[in-house]
Amino acid sequence: MLRRATLAGLAAIGLGGIAQAQAPARNQIVIMREIDADRYDPHRSTALATGEVMTMLSDTLVAMDFDMRTIRPLLAERWEVSQDGLVYTFHLRRNVTFCDGKPFTARDMAFSLNRWIGRTQPRITSPVAWRAGDVKEISAVDDHTLRYELNRPFGELLSQLTLFFASAIDPATVERLGDNFGVQGFNGTGPFCWGSWTPRNELVLNRHQNYRWGPDFYQNRGPAHLERVTWRVIPEAASRVAALQASQADLTQYIPAAFVEPLSRVPTVQRLRQPNYFWDVFMGFKVDKPVVNDIAIRRAVHMAVDRNALVRAVWAGQAEAARNIVNPNAADYDAESDRMVPAFDRAAAIRTLEEAGWRAGPDGVRVKDGQRATFLLYAINTLDNQRMGEIIQQALRQVGIEMRIQLFDATVAWGRLATQEFDAFFLSYPYVSATDALNLYWHSRNRPTPNRMNWADPQTDQWLEAGRSALQPEERARYAALIQRQLAEQAPWLTVARTQLNLFASNRIQGARAHGLYGAGIYKGLDIRTVR
């Protein structure tokens, strides 16, 4: 029904729920989102809802520029890397303070990074500690010098250190709040400070008055132009659209695909885009489960699904159909592997199945050695997954493959996706490069999650380790290409879509720009100002 509604109709529906709302005051903005985070602790959450706020609350040693490739200084004004790639020496800025006014030192940064990798007490186990590399020791040489020593080289360390998991946090606040750190308060070095949080409603941030060390790709390096930012949870898409049209809220990246183009034509609304946005949707197979363990089945699935038509139907033109598992704009992308991925060709899918011994059964589902060509898929219950599942299910049925679907509410889905109960699944994910994406999903040590495919290939592991340790970009790219080609041939997942980042802003603000690091539309927000 939402997809058939007009934009005006949506506005009327949405405004009914926010009729009493007023436009934000001058120098204050409201950013709308669909869901809240469970906490704002960079080491205990991997959620986008945490990350998009964390870039305002705190800083990292280095920053990622808008091209998603170039590393810029942030808390570290410069750094050196030893010839063997094992020691990084970061020289920190001297004018940095936490929100409570306490000077920031290398000891605080060492604590923050060591907490990320589980080396502080009480011990916190971050699910993405591997992103920090194989750490030997992280220590403060003096107040403004940090030594980061690895057991093995990690060519992408600086890229990983731009992510919110590597944020600087105040040790004293962590000790004071204990398990409530990021729930009852937060003390960081970012351009905004913790004000108040009403879970599932709103998080209020206030300007950090001392902030003057923002990354150099902003015109304003601090303090922020804005005095206050309110992150408001508005679950209903209609209400988000209406609030933006009525200037009762100022920014959101959470607009349904069907309404992106109509909203783009509204004179009072700005549409901001980021071409270098790496967040892909895919269908993965557990390669050791019956039926989907057959490469003929997996390749036939690729040939049976018209990804171009699917993406048009599900994302209404607000995503691109994908082939290779890596975005062409990402570092270390391999174009040859794109050509190796099976293309849409229903007749070829049928030939592939026939040649592999899968014969049509009495009900149309193929059979081989007494095994029916049927498999079970799990996914989170979203509108996109519902529609994608229906389309793929129908396409596979036409070549004699049965796909059964079970969808779960997000509150229980992640637990179900950690089991071995299913044969295939839908998910989406962000990454910063080919090497980042490949290491996340394809190393055997990451089974059963996030390597839900149960992919365990010694050659893949060897290439991954060699690529991570490569000191030269060309060498890292060569190993990444080998893996991309291997996966293109073996087809352990069907990459469906490359989603797009559309950041919508009311015309009462200027200076907003879509960033996209780890999916976050806003990064720091230093250039944003209100004009009325």
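Quick caveat: nothing in here was measured; it's all calculated off a predicted structure.
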| query | Ring centroid separation for Phe165 and His43, is it under 6.0 angstrom? | reply | no
| request: Might you point out which heavy atoms bring Val204 and Asn206 nearest each other, and give the distance in Å? | output: CG1-OD1, 4.1 Å
| If we ignore angles and hydrogens, is there a donor and acceptor under 3.5 Å between the side chains of Gln500 and Gln274? | no
| Between Arg72 and Asp65, does at least one N-O distance fall below 4.0 Å, as a salt bridge requires? | yes
| task | Flag the pair Phe426 / Phe282 as yes when their ring centroid distance falls below 6.0 Å, and as no otherwise. | result | no
| query | Taking all non-hydrogen atoms of both residues, which atom of Ser506 and which atom of Gln270 are closest, and how far apart? | reply | O-NE2, 2.9 Å
| task | Please step through side chain to side chain donor-acceptor pair (under 3.5 Å) for the pair Asn507 and Arg532, ending with a clear verdict. | result | CA-CA 9 Å; Asn507 65 357; Arg532 57 182 175 85; 2.7 Å; yes
| said: Can you confirm whether or not the ring centre of His208 sits under 6.0 Å from the ring centre of Trp194? | reply: no
| Would you call Arg339-Glu336 a salt bridge at under 4.0 Å N-O? | yes
| query | Is the closest basic N to carboxylate O distance between Arg476 and Asp332 below 4.0 Å? | reply | yes
| task | Verify whether the ring centers belonging to Trp493 and Tyr441 lie closer than 6.0 Å. | result | yes
| task | Let me see the working for Trp279 and Ser428 under side chain to side chain donor-acceptor pair (under 3.5 Å), right down to the final yes or no. | result | CA-CA 7 Å; Trp279 193 299; Ser428 63; 2.9 Å; yes
| request: Using only heavy-atom distances, determine whether the side chains of Asn27 and Arg228 contain a donor-acceptor pair under 3.5 Å. | output: no
| query | Of all heavy-atom pairs between Ser167 and Ser112, which one has the smallest distance, and what is that distance? | reply | O-CB, 3.5 Å
| message | Under 6.0 Å between ring centres: does that hold for Phe278 and Tyr431? | response | yes
| Centre of Phe66's six-membered ring, under 6.0 Å away, within 45 degrees of the axis: is that where NZ or CZ of Arg513 sits? | yes
| request: Give a yes or no on whether a salt bridge exists between Arg346 and Asp306, defined as a side-chain N under 4.0 angstrom from a carboxylate O. | output: no
| Would Asp59 and Lys524 pass as an ion pair if we require N to O under 4.0 Å? | yes
| remark: Ile528 and Leu226 have their tightest heavy-atom pair at O-CG, 3.5 Å
| said: If the threshold is 4.0 Å, N to carboxylate O, is there a salt bridge linking Arg498 and Glu320? | reply: no
| Cationic N near anionic O, under 4.0 Å, Asp334 to Arg485 | yes
